[in-house]
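Only a predicted model underlies this, so the values are computations on that prediction, with no experimental measurement involved. This chain uses plain numbering: 1 for the first residue, then up along the sequence.
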Amino acid sequence: MDRSWSEAGRSRAKLVSPQVKRTVEPSAVPLMNIANILTILRILIVPVFLLALFAAGGHDTGWRVGAAALFAVAAITDRIDGQVARKYGLVTDFGKLADPIADKALIGSALIGLSVLGDLPWWITIVICAREIGVTLLRLAVVRRGVIPAGRGGKVKTLVQSVAIGVLLLPLAGAWATTGMALMYIALVLTVVTGLDYVVQAARLWARPAERR
């Protein structure tokens, strides 16, 4: 009898549903977060940077220092916004799209501006800009088969490009100007090498079947 009652009690206990744990869904990441604000700031700096670069004929010492300072601020935000977005979970589709646009706008405008002023050979500007446009088109071409991640080589390339441009923007001569051009040639090599790496990765992704959406 006692055994029957015990088994019946256990059976009723199994029928009682356990307390359901409620999970709170994470709220959507706001569009105007600090990471995206820094990206937008970098885009807005570009036209101001160009105005400073070409002011007073483009070779005034004060304006060139100002242009170099604006470029440095924009380049620093490039390093910060991505780190902030990843660290605090602020990654958005807008940021994924706007961040590379801001980077290319800043680097491209600086290179073209220096070439217009005669401080950088046009062929270097053309090679670097062609590489950036080509990589962007490659990414779009294989987007249905996968994403080509930004590698360490690409980050080093961007860093060397930024330092080289910063040195060339400053009204320096002699050894400093030579150092700036040497850094630019290193950046050029990194630009070509990492561009070829993107081509290889794109070819591998193209061989895969397209992902169904």
Minimum heavy-atom separation for [X] and [Y], please, with both atom names.
X: G58; Y: L117; answer: O-CD1, 3.6 Å
X: G113; Y: F54; answer: CA-CZ, 3.6 Å
X: G180; Y: A164; answer: O-CB, 3.9 Å
X: D60; Y: A55; answer: CB-O, 4.5 Å
X: P121; Y: S115; answer: O-OG, 3.7 Å

Interatomic spacing from [atom1] in [X] to [atom2] in [Y] - rounded to 0.5 Å:
X: T125; Y: L188; atom1: OG1; atom2: CG; answer: 10.0 Å
X: D197; Y: L190; atom1: CG; atom2: CG; answer: 12.0 Å
X: I34; Y: L38; atom1: CD1; atom2: CG; answer: 4.5 Å
X: T61; Y: L172; atom1: OG1; atom2: CG; answer: 9.5 Å
X: I40; Y: I45; atom1: CD1; atom2: CD1; answer: 12.5 Å

Would a single hydrophobic cluster contain both [Y] and [X], if residues Ile, Leu, Val, Met, Phe, Trp and Tyr are joined by side-chain heavy-atom contacts under 4.5 Å?
X: L50; Y: W63; result: no
X: V73; Y: L168; result: yes
X: I43; Y: I133; result: no
X: V193; Y: V127; result: no
X: I112; Y: V48; result: yes

Check the pair L111, I124 against side-chain contact (heavy atoms from CB on, under 4.5 Å), reporting the backbone distance first and the verdict last. CA-CA 8 Å; L111 292 172; I124 293 180; 5.5 Å; no
Has R64 got a side-chain atom pairing as donor or acceptor with L169's backbone, closer than 3.5 angstrom?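 Looks like yes, one N/O pair under 3.5 Å.
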Closer than 3.5 angstrom, by distance alone: can the side chain of T77 be matched with the main-chain N or O of R42 as a donor-acceptor pair?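 It does not hold such a pair.
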Might you confirm whether atom CH2 of W122 has over 12 heavy atoms from other residues, nucleotides or ligands at distances under 6.0 Å?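 Atom CH2 in W122 is crowded, with more than 12 foreign heavy atoms closer than 6.0 Å.
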Pairwise side-chain contact, K104 with V135, heavy-atom cut-off 4.5 Å (strictly under):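 Heavy-atom side-chain distance check fails, nothing below 4.5 Å.
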Residue pair T158 / D103, side-chain heavy-atom distance below 4.5 Å: no
Option from V167, I76, I107 for which side-chain contact (heavy atoms from CB on, under 4.5 Å) with S162 holds: I107
Using side-chain contact (heavy atoms from CB on, under 4.5 Å), reason through M181 and L120 one step at a time and then give a plain yes or no. CA-CA 8 Å; M181 282 307 304; L120 183 67; 4.1 Å; yes
Run the side-chain contact (heavy atoms from CB on, under 4.5 Å) check on L53 and F71 step by step: do they pass? CA-CA 10 Å; L53 180 60; F71 181 85; over 6 Å; no
Candidates Q161, K157, R131 - the one meeting side-chain hydrogen bond (donor to acceptor under 3.5 Å, both in side chains) with T191: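 The option that passes is Q161.
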